[in-house]
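One structure below.
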Amino acid sequence: MTEFTLEKGADGVAIITWDLPGKSMNVLTLEGAQQLDAAIDDALADDAVKGIVITSGKDSFAAGMDLNVLAGMKDSGAQGVFDGVMSLHHMLRKIERAGMEPKTNKGGKPIAAALPGTAMGIGLELPLACHRIFAADNPKARIGLPEIMVGIFPGSGGTTRLVRKLGVMGASQYLLQGKSVDPKKAKSAGLIDEVAEDPVAAAKEWVLSEPKIVKPWDEKGFKLPGGAPYHPAGFQTFVGANAMVNGQTWGAFPAPKALLSAVYEGAMVPFDTALKIEARWFTSVIMNPSSGAMIRSLFLNKEALEKGANRPEAPDQTVKKVGVMGAGMMGAGIALVSAQAGIEVVLIDQKQEAADKGKAYAESYFEKGIKRGKSTPEKAEAVLSKITATTDYSALSDADLIIEAVFEDVGVKAEVTKNVEAVVPEDCIFATNTSTLPITDLAKASKRPEQFIGIHFFSPVEKMLLVEIIKGAETGDRAVAKALDYVRQIRKTPIVVNDARFFYANRCIIPYLNEGARMVAEGVEPVLVDNAARLLGMPVGPLQLIDETSIDLAVKIAKATKEALGDKYPSDNKPVDDLMFALYDQGRLGRKSNAGFYSYDDKGKREGIWDGLDDLTPTLDDQPDLIEVQHRLMFAQVLEAVRALEEGVLEDIREGDVGAILGWGFAPWSGGPFSWLDILGAEYAAERCDQLAQKFGPRFSCPDLLREMASKGQSFYGRFGQDAKAA
Ligand code: NAD
């Protein structure tokens with residue numbers, strides 16, 4: 001298969017064109033790398049060739065590395081990864097040196113990259129090794145190094161070159177945050193050199209102009225922009241970068257740490273040694289199970305779910321007009337994201353003022369965006385004109401989807417369902433955004449339960465990426481397809497689950513919150529509880545999260561669950577309930593009342609653990625060790641995920657993992673609850689369950705499924721996983 005072609009022009013310019021057959025975007029394969037290497041050798045050796053331009057046959061340049069290459073390297077062990085990475089370094093270094101004499105930097109042929117569009121990952125690392133980068137003026141193109149977002153870092157010289165090009169400060173947002181920008185911004189940031197109408201023509205002209213090609217870092221006396229680690233300015237940068245990274249990640253993520261080490265150590269040695277250091281750190285990250293799990297969940301499986309991996313066979317269900325019932329916090333957000341996707345929205349509330357208030361939410365969202373330069377009045381108007389705020393149900397007569405977000409009350413929801421069904425077309429799908437009420441029960445109010453479904457958003461709607469789709473007992477395939485097509489339109493990630501108390505995400509997060517509160521009730525230092533969670537890579541500790549979601553909500557859920565479960569309500573919840581009710585009785589409702597587990601200043605800034613908490617539940621002299629606290633918090637969540645799988649609420653572990661990370665921020669470095677258990681190994685996990693259950697109670701009992709897997713030596717991805725080997 002030809003992936004790179006070499007064409008030598010009469011003008012002395014050799015054009016190397018990257019065009020991976022059968023794919024809409026180029027990714028670098030092993031075969032491709034060999035072909036590129038051979039093409040470079042050929043062009044460098046040919047006296048008739050004066051300069052080289054590397055471009056793409058597609059409308060983008062490249063999306064990055066073929067993940068199978070990484071998986072293949074990993075199978076060959078650490079040495080295999082290191083050798084593979086070093087051979088890429090050699091090729092890129094050959095491009096960069098382009099035949100120059102080692103000592104004098106004389107000779108050599110100019111090599112330019114011409115990017116017609118997006119250039120990400122290795123798709124930018126290759127151009128960074130060239131002598132000049134030209135990009136088309138294509139505002140939709142993205143240029144950047146997003147590796148860090150899937151648990152690795154740029155390991156084909158991108159780290160070492162970008163730091164030398166932009167300095168540590170300048171490179172940090174691209175390396176540490178994986179930020180990508182359009183070509184114009186990439187030029188002003190110094191990521192690329194020129195934006196041109198015809199990048200190939202501009203690159204050709206440049207290579208024929210006998211330009212200077214030696215890179216600054218290959219010249220004598222090169223100094224790192226902004227200062228190397230032991231330069232006074234550089235010293236400050238490194239101290240700051242270390243503090244920032246550890247402040248954000250709490251040391252839980254292997255890739256940012258490895259990246260920082262590669263940058264720091266690499267900055268003190270010559271370029272070629274720095275590449276070797278980069279390769280060693282990259283190898284350590286690839287060999288860490290976290291990177292494979294993150295790539296699997298946050299890249300491969302997230303994308304598979306977004307593309308409809310679990311969509312039933314049904315004709316296209318693209319939504320044209322959605323009716324949003326209830327213009328409160330959730331309804332307002334749902335209206336906004338739907339209108340942004342180009343869908344007509346009817347936003348209905350009981351009173352016109354309430355409906356208008358819901359639309360005003362979208363207005364203020366755009367006002368803020370315009371102030372920050374992220375939107376324009378024209379864009380705002382185009383979206384806002386799609387939202388009709390009204391009390392008039394007749395506006396729903398041509399809606400093809402309804403999303404109900406009225407009060408969490410069976411009676412109110414039933415009445416809305418009936419009234420809506422009286423006016424909408426027969427084939428309209430009705431979705432409820434309930435967070436706690438069983439879909440099958442709510443569907444009883446519907447004349448068409450097969451067209452009734454749950455579409456559960458997370459708050460704030462415009463920020464949260466996950467949408468949980470819940471099938472009631474009678475929900476039909478077309479309703480599921482409609483929900484999935486809608487979620488695709490609004491560019492979020494769907495998971496599809498069956499109907500059960502709290503569905504999937506809330507079902508797993510409630511035990512996490514309860515376990516945190518329970519430990520405080522037992523006398524564990526509250527700071528230990530929340531910090532243990534942060535050190536695991538959870539974005540928010542359980543006590544802080546209770547404050548954020550509000551203590552009155554926790555009390556309400558506890559009361560409702562008690563009512564629903566009766567005698568089956570777990571008796572070991574009592575200490576948690578007692579503590580929450582005590583806080584509630586004192587008016588400590590969490591952040592919204594500026595008082596909860598934490599105290600807050602007048603402006604709502606969190607100060608520290610409320611000093612009265614110790615009177616409510618005194619802390620013990622003997623504190624548990626960190627791992628025990630962490631395991632209680634983790635097992636509380638993951639065992640619930642396993643039970644959801646055992647009970648058939650979850651049908652696909654990929655959804656369980658992706659949903660956990662996007663829905664409640666479950667330690668992303670782990671790849672999700674099932675990936676975390678796979679990292680631990682079923683045997684150890686089962687053993688740990690037994691120990692925790694014996695010490696803390698039956699809520700930690702090992703689920704039968706996990707026990708069986710432990711006895712058979714199985715992993716979740718080995719047993720259930722599609723794409724189990726993908727990363
Ligand atoms: P909210 O109280 O902010 O808004 C509810 C809105 O519904 C109010 O504006 C109210 O006037 C309107 N309403 C009530 N009865 C109505 C009727 N008969 N016809 C039209 N409008 C009516 O509540 P919310 O937080 O937006 O929650 C709405 C739904 O979303 C609930 O079912 C809730 O459980 C669910 N939910 C909430 C969250 C969250 O974090 N708040 C998250 C996921 C799901």
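First listed ligand is number 1; within each ligand, the first listed atom is number 1.
Protein residues with a heavy atom closer than 4.0 Å to ligand 1 are G326, A327, G328, M329, M330, D349, Q350, A405, V406, F407, E408, V412, K413, V416, N433, T434, S435, H456, F457, S459, listed by chain and number.
Look at D577 and K574 and you find no salt bridge, because none of the NZ, NE, NH1 or NH2 atoms lies under 4.0 Å from a carboxylate O.
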Inset, instruction - Before giving the answer on side-chain hydrogen bond (donor to acceptor under 3.5 Å, both in side chains), spell out for T436 and E408 the whole-Å C-alpha distance, their side-chain angles and the decisive distance to 0.1 Å. - result: CA-CA 8 Å; T436 55; E408 189 75 339; 2.5 Å; yes

Legend entry - Worked check of ring-ring contact (aromatic ring centres under 6.0 Å, His included) between F452 and F430: CA-CA 5 Å; F452 195 99; F430 190 104; 5.2 Å; yes

In residues 536-543, what donor-acceptor pairs under 3.5 Å come from side-chain atoms, sequence neighbours left out?
none

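Residues meeting the salt bridge (charged side-chain N to carboxylate O under 4.0 Å, His left out) test with R699, sequence neighbours left out: E515, D572. For D499, there are no salt bridge (charged side-chain N to carboxylate O under 4.0 Å, His left out) partners two or more places apart in sequence or in a different chain.
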